[in-house]
Amino acid sequence: MTTAPPSRKKRLLWLAIPVLGAGILYGVLASSRASNQGPRAPAVSEATRPEKGEPSRMSEATKLSAKSGDTEAIVSAYAAWAKEPSAVPARKLLLATLLSEQDIARKLSSLLAAVEADPTPPEQDPLWEHVVQSLAKLWKGDAATGGMDLVVSEKRPRARRALISSFAALAGSPALLELNGAQRQTLTETMIDLAWHVPATQRHEVTEALRKLGGNDLADIYQGRGVTGADGHVLESEVAYKAALADTQAKVAEGSN
Amino acid sequence: MKATTLLTGVALGAAALALGGGAGAQMRDIKEKMTLPQANAADGIRKNLPEQVGAGRGNLNTIGSSIYIINRDPARSIRRGRQLFQRKFLDTQGFSGRDRSGNIHTDPSIGAGVVDSCAGCHGRPRGSAGFGGDVFTRPDSRDAPHLFGLGLQEQLGDEITKKLRAIRSSLAIGQTAQLTVQMGGGATINYGSITRTGATTFNTANVVGVNPDLRVRPFFAQGGTISIREFLVGAFNAEMGIQGFDQDLQNAAVNNQSVTTPSGMVLSGNIDDIEAPPVPSINEDGDGDGIANELPTALIDHEEFYLLHYFKPATAPGSDPDQIAEVNNGRALFMGANCGSCHVPDLTIDRDRRIADVETTFDAAQGNPFNRLFASAQLFGAIVNDFGTPNIRTFESNPAFADSAAVPPRAFVVRNIFSDFKRHNLGPNFFERFHDNRTAPQQLFMTEALWGVGTSAPYGHDGRTHSIEEVILRHGGEAQASRDAFAAMTRANKNQVVAFLNSLILFGPDDTASNLAGVNPNPPDPDGGGPIVNQGFPQAGHGAIALTVLFNNSADLE
């Protein structure tokens, strides 16, 4: 018996999140498994334990996390507290609550809603890297396939940027090898297609992702190097092409003598 | 509610081969050739034309009707549409006989040749609704395009239209807006700008790439037709001399009504110019050949449903790391040359009307020796019993009829299509003359979707260009800068661009292994005996995209 490769199986589960907005498709998206389970309130870890001088936000966050099903309130609080530097641990707890959701579609929907609602420029966001790495850890198996479709279909700028960064992070991590061949190829194609549409501040990480996924040539081409030969940069593929050509010519010459 | 049902666990391999049967392009139905000695029952269409018509259009409770089958046994409808597409029509069934008199300038279709099967023009690779014909004759010729992904194109055109019109509707009097739509992957498509000048009036002077009515028409090189249904009814008439009366088209085109076809396409005759059927009633013999109702509505329904679901093209970057790198580099060079500004790689459909998708990729391990591709079919819903009998089932989440709150909209990312659904001027090298040699030739053409381009030479709407490299260099006009960027690349880089485009391919469904029928080197005899005599692998057991296993009754073959 043959089965569908896992790479594309659950694509549809993902797309409605950005296209149709959070919540619209929830009944469908979450139905396949654990659909009625809300997020489990995470234990307050060392990283998220209230610090002295900020009891109110943390206690609020703890209460919100205890009512784990109310993701709208969590998302709102996460965004509303973004201007308060002291609220970072509390906001991290809120993220942890969203990430504790068992259903991957629900988890992504609320997480990306929170990311989008936060008005802080990513470069100034103390939790940005945490968000990116948290997303990157989700990209395994079918979730990776769905996530790659999310990258394409997500139109909200901040959520979209976080998704792209998360896959760029994945490309540079050992977890890349956990994707199957078809998934790695799709990720490479996706990164190539997106590369020309990312903001300038994101180009470096995309360049490095392309290098990891497709080698130095891919990164160089993205940077406009070695395309025409006029810039003096020679792509590795150009070297190989000319070497193969020279080798063939030598063999032909040898055969004709 | 179930959102997705995968086709894993389906009875595969040998059973599919036995039940699905072999098939090729342009088939006769076996009941027409039973007088032939040793006719192979596995090598033709099992139902004759009246059986394909069945109980007519009917309704959800009319067993054997097109509405019933589309909604309760959808894989059968798709298969029936396919068999109709491959059918070689006979004179006695209305084929040919079309009156070709008239003004070829005002009705260029009368210059069309005559072919006895849809597959006569759309038949390569073997058994597919592919490319290969040149029937609709203009002075400069028109190549028949492949029909892979046709339903996705119809839906994309329709959704882009809705988005453009939503922008228009949002305008206050005196207000101007850019007609820009976001289509996924960060790409936007801009159709110029529009200004509201009154309650119902607009200045459309700056609208580009689409008619002033903002209706994207994805079909034909010049962007002339909105829907699959119009396209197929028109082609049956123009290319095959078969006139079908269709009440849906009649209601939309002539009675200016808004009509939803059985495949879920809304024909807004109250807003759009819809093409009328070639005859105004089932009693009209349009070509005077003594036969009326040559294409009953039920057949149009099945054909539309089939084409809505027609497979996307495949991607085949290969398995050799050097080859994959070449393809990926070529893709990046293509994007870097800004080819992707019109040939947009990936687009998103907000609400997919199809019941299934087929993803086909290079897979040396699971593919067969013919093409080393493997297709994975995936249903978007579940077939459930609604009346408690095996033969009366309904397709849960089938959007064709159940567009209710209980059936949510669904999105789909269309990858590797490479089009922007917009008309462009590519310079005089692409202009097309009309029959009267007017001084103003056809100058605007829809961006050709590049999926499948690796297996559909020759190129250009007119088939005048023999290779991918030459057709790139043929570009001018709006694409001049991209063309020049390609021309300036090193030889090795040009080769990589071509390698990338050659990885976008078509495939024959009968010759492509799938999760419906995988490779099985030892298939059983369809008659229940031992191994098939004189048919060793891969002539037998190579797998196929065989829908038969999904029928309510797999023993009732199409």
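By convention in this document, chain letters (A, B, ...) are assigned in the order of the sequence lines, proteins followed by strands, and residues within each chain are numbered from 1.
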Looking at A:D217 and A:R225, is there a salt bridge between them, counting it only when a charged N and a carboxylate O are closer than 4.0 Å? no
So which of B:D346, B:N328, B:N338, B:V344 has the largest heavy-atom pair count under 4.5 angstrom toward chain A? B:N328
Quick check on A:I221 against chain B: is it the side chain, the backbone, both or neither that has a heavy atom closer than 4.5 Å? side chain
Between A:E238 and A:K242, is there a salt bridge with N-O shorter than 4.0 Å? yes
Are B:F334 and B:F486 an aromatic pair by the rule of ring centers under 6.0 Å? no
Structural part of A:Q185 lying under 4.5 Å from a heavy atom of chain B: side chain
Taking side chain to side chain contact (heavy atoms under 4.5 Å, CB included) as the criterion, tell me which of B:T315, B:I505, B:T361 meets it with B:L373. B:I505
Name the region of B:A375, side chain, backbone, both or neither, that has any atom closer than 4.5 Å to a heavy atom of chain A. neither
B:L347 portion near chain A, given a 4.5 angstrom heavy-atom threshold: neither
What part of B:E326 gets closer than 4.5 Å to chain A, counting heavy atoms only: side chain, backbone, both or neither? neither
Chain A heavy atoms under 4.5 Å from B:D322: which part of the residue, side chain, backbone, both or neither? neither
Could you please spell out the steps behind the salt bridge (charged side-chain N to carboxylate O under 4.0 Å, His left out) verdict for A:D149 and B:R415? CA-CA 9 Å; A:D149 276 353; B:R415 289 183 178 271; 3.0 Å; yes
Using 4.0 Å as the upper bound for N to carboxylate O, is an ion pair formed by B:K162 and B:E159? no
Chain A shares the most heavy-atom pairs under 4.5 Å, among B:R331, B:Q182, B:R491, with B:R331
Part of A:I164 lying under 4.5 Å from any heavy atom of chain B: neither
For A:R106, does its backbone N or O pair with a side-chain atom of A:S109 as donor and acceptor, under 3.5 Å? no
